[in-house]
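Okay, structure first, notes after.
These numbers come from the heavy atoms of this one structure, side chains and all, not from hydrogens, waters or symmetry mates. When a residue number appears, it is its place in the shown sequence, counting from 1.
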Amino acid sequence: MKIFKRILLLILITIVGVVIYNYPKLNLLAGYSAKNIASSVFVADRTLEFTDTTDNDFSPVNLAADAIDLENKNATSSAFGLLTRKAIFREGLGAVLTLEESDETADYLVPRRLKADNNTPYPYGNAPQIDTVFASLDYDKLNESVDLLFDAVHKTRAVLVIYKDQIVSEKYADGFDKKSKLLGWSMTKSLLSTVFGIMETQGGINVFDKAPIASWQNDDRKNITINNLLQMNSGLEWDENYEKISDATKMLFLERDMTKMQENKPLVGTPNESWNYSSGTSNLLSGILRTYFKTHQEYLDFWYTNFIDKIGMNSMVLEADLSGNYVGSSYSWATARDWSKFGLLYLKNGNWNGEELFTKDWVTYATTPTLGSNGTYGAQFWLNAENDFKDVPKNMYYADGFQGQRVYVLTDQEMVIVRFGLRNFDENTFLKGVIESIK
């Protein structure tokens, strides 16, 4: 009996030890699930069942037990009954994880939006485009290349191909259509960069200025420029790892103000010589943008009134943290058609229907390779400067998000290509096929 009790005690101690060791991971597991459920249901108008069996159907997130409260617009996720996280929906700001009960009733500001233009044809408005059949395009080859992504392996949800301002191929998976909002994940970083480009064009900012962060002024971090941050080349410490508890996961699931976490990190390299991909840097940049406005309301409005709504991306929702700052690293939702307008804005060098939002010089800046990135990164955009995609032009560049969310800009081909899905794919083969459809 004594031996049995000792064995039982040892088992209990082991179980307690495992729970204690993994408890922080449970926080992240439940946090990811709750946030994703709330956004999917209340931003993208999907169901709990659909989201659980698609977006959240991967280990270990699929171990969470999820529930939705449609009346109060919140979602809860429980990790084995040991820890529960809640995400709430705030109109205009999307979904956010709560950290304490008072977050559910806290007041918040809502961004003011421009009215959608439903009379002007796409791309400058939301009315149906005036179709043109291009003799220079092999539509059969084009659609064949697009169709290859729509199988059980790739889990593609949407593909849109724009050629000379026209939608020439558009396809959606079952359950999705042209009105479906799709999460861009880290493509949000490219939106963030664009806001800096617009502000610089308006004369409100110089990206080569030192970063205006008071806490850095008494150490070597005072030498970091906004440019260093935009290029992910600040030399600041950051762990961007989603397989474990890291700086990135703690920021997204445990922080009230996501703009501060990178600010508090020490230098571990030399600015402009230490490229390191960091979502914390993007959110720090979102916080820096806030300092250029007199009020928080102006900060919230500017992204829409001077950029997103101005180019007719009226479906877009930028999600904010509990402090009301846009999560510039990760959370933006819009239809595939509206995402294509973002690519077109860059294809047109910042000129939208006769109005200059930013200059060609900004496009050159944003697409110039960052030192240390081996030609793969510019200013919050990804590049093909070293021909990583060997059958694609070197001057192609793109916004990139988790699980293969993409907006490609192909200047020479006058093309924008949008892809959304739940799994990465052979980008070179896909892009090669689309490009070769041009005769």
Side-chain angles (χ1 to χ4, degrees), residues 184 186-213 223-236 262 270-279 281-289 291-292 302-303 306-308 310-311 326 328-329 341-352 355-388 392-401 406-412 414 416:
S186 285
M187 293 205 299
T188 315
K189 295 177 172 70
S190 301
L191 301 176
L192 166 80
S193 175
T194 303
V195 178
F196 276 92
I198 292 169
M199 289 189 66
E200 179 158 276
T201 299
Q202 293 181 1
I205 197 170
N206 184 339
V207 298
F208 293 99
D209 284 345
K210 299 293 177 62
I213 299 177
N223 297 314
I224 297 172
T225 64
I226 296 172
N227 169 57
N228 297 149
L229 297 170
L230 283 167
Q231 293 189 330
M232 301 285 191
N233 211 349
S234 66
L236 292 169
Q262 181 73 91
T270 303
N272 210 41
E273 298 178 11
S274 311
W275 186 78
N276 181 39
Y277 185 79
S278 164
S279 288
T281 293
S282 298
N283 288 326
L284 173 60
L285 284 164
S286 180
I288 287 174
L289 280 173
T291 67
Y292 285 91
F302 187 89
W303 295 52
N306 285 260
F307 167 30
I308 292 168
K310 186 174 282 287
I311 66 169
Y326 291 128
S329 66
K341 293 177 183 179
F342 176 53
L344 279 170
L345 177 65
Y346 272 85
L347 188 65
K348 295 174 181 297
N349 294 312
N351 189 298
W352 192 255
E355 182 178 358
E356 186 179 72
L357 274 65
F358 52 81
T359 65
K360 186 176 181 180
D361 288 343
W362 175 262
V363 179
T364 300
Y365 164 74
T367 59
T368 297
T370 302
L371 290 174
S373 73
N374 296 318
T376 63
Y377 206 73
Q380 312 277 302
F381 281 89
W382 291 88
L383 315 176
N384 193 40
E386 295 300 319
N387 239 181
D388 289 335
V392 181
K394 288 186 177 182
N395 64 350
M396 183 274 290
Y397 59 97
Y398 58 108
D400 175 310
R406 300 286 188 271
V407 174
Y408 303 98
V409 181
L410 294 106
T411 305
D412 295 343
E414 297 182 78
V416 170

**Study point:** Spatial distance of atom CG (Leu230) from atom CG (Leu192) [nearest 0.5 Å]
**Key:** 7.0 Å
Exercise for review: Please report the closest heavy-atom contact between Val416 and Gly343, naming both atoms and the distance.
Suggested key: CG2-C, 3.5 Å
Check your understanding: Where do Pro369 and Gly375 come nearest, in terms of heavy atoms and distance?
Key -> CB-CA, 3.9 Å
Practice item. Verify the ring-centre separation between Tyr365 and Phe381: is it less than 6.0 angstrom? Key: no
Practice item. Answer yes if the ring centres of Tyr397 and Trp382 are under 6.0 angstrom apart, and no otherwise. Key: no
Practice item. Classify the side-chain pair Asn228/Thr225 by whether it contains a donor and acceptor separated by less than 3.5 Å. Key: yes
Check your understanding: Is there a donor-acceptor pair under 3.5 Å between the side chain of Asn233 and the backbone N or O of Leu371?
Key -> yes
Review point. Taking only residues two or more places apart in sequence, or in another chain, which ones meet Lys394 in a side chain to side chain contact (heavy atoms under 4.5 Å, CB included)?
Key: Asn387
Exercise for review: Find out whether Pro212 and Ile288 are in side-chain contact, i.e. whether some heavy atom of one side chain is under 4.5 Å from a heavy atom of the other.
Suggested key: yes
Check your understanding: Got a sec, which residues hit side chain to side chain contact (heavy atoms under 4.5 Å, CB included) with Thr270, two or more places apart in sequence or on another chain?
Key -> Glu273, Ser274
**Study point:** side-chain contact (heavy atoms from CB on, under 4.5 Å) partner of Ser234, the single match among Leu229, Asn223, Asn227, Asn272
**Key:** Leu229
Point to revise | Close side-chain approach of Ile213 to Leu284, heavy-atom, < 4.5 Å | key: yes
Check your understanding: Is any side-chain heavy atom of Asn283 closer than 4.5 Å to a side-chain heavy atom of Gln262?
Key -> no
Review point. Under 4.5 Å between any side-chain heavy atoms of Ser279 and Lys189, yes or no?
Key: yes
Review point. Rounded to the nearest 0.5 Å, how far does CZ of Phe302 lie from OH of Tyr326?
Key: 11.5 Å
Check your understanding: For Val392 and Leu410, what are the C-alpha separation, side-chain angles and deciding distance, and is it a side-chain contact (heavy atoms from CB on, under 4.5 Å)?
Key -> CA-CA 9 Å; Val392 181; Leu410 294 106; 4.2 Å; yes
**Study point:** Pair Trp352-Lys310, side-chain contact (heavy atoms from CB on, under 4.5 Å): steps then yes or no
**Key:** CA-CA 9 Å; Trp352 192 255; Lys310 186 174 282 287; 5.5 Å; no
Point to revise | pair Tyr346-Val407: side-chain heavy atoms closer than 4.5 Å | key: no
Exercise for review: Would you please test Tyr277 and Ser186 for side-chain hydrogen bond (donor to acceptor under 3.5 Å, both in side chains) and show each step?
Suggested key: CA-CA 11 Å; Tyr277 185 79; Ser186 285; 3.2 Å; yes
Practice item. Starting at CE of Met396, measure out to CG of Asn384 and round the result to the nearest 0.5 Å. Key: 4.5 Å
Study note, to complete from the structure: On a heavy-atom basis, the closest approach of Phe358 and Gly197 is CB-O, 3.8 Å
Review point. Which heavy atom of Trp362 sits nearest a heavy atom of Val207, and at what distance?
Key: CZ3-CG1, 3.9 Å
Revision key, fill the gap. To the nearest 0.5 Å, atom CD of Glu356 lies from atom CD1 of Ile198 at 11.0 Å
Exercise for review: Decide yes or no for Asn306 and Leu357: does some side-chain heavy atom of the first lie under 4.5 Å from some side-chain heavy atom of the second?
Suggested key: no
Study note, to complete from the structure: Smallest heavy-atom separation, Thr201 atom then Thr359 atom, equals OG1-N, 3.7 Å
Revision key, fill the gap. One should read off an interatomic distance between Lys210 NZ and Ile224 CD1, to the nearest 0.5 angstrom, of 10.0 Å
Exercise for review: Answer whether the closest heavy-atom distance between the side chains of Tyr377 and Met232 falls below 4.5 Å.
Suggested key: yes
Study note, to complete from the structure: CZ of Phe342 to CD1 of Ile308, rounded to nearest 0.5 Å, is 9.0 Å
Practice item. Before giving the answer on side-chain hydrogen bond (donor to acceptor under 3.5 Å, both in side chains), spell out for Ser373 and Thr370 the whole-Å C-alpha distance, their side-chain angles and the decisive distance to 0.1 Å. Key: CA-CA 6 Å; Ser373 73; Thr370 302; 4.7 Å; no
Practice item. Determine whether Asn351 and Lys360 make a side-chain contact, defined as any pair of heavy atoms from C-beta on separated by less than 4.5 Å. Key: no
Point to revise | Smallest separation among heavy atoms of Ser282 and Gln380, with atom names | key: OG-OE1, 2.8 Å
Practice item. Mark yes or no for whether Arg406, through its side chain, and Gly401, through its backbone, hold a donor-acceptor pair below 3.5 Å. Key: yes
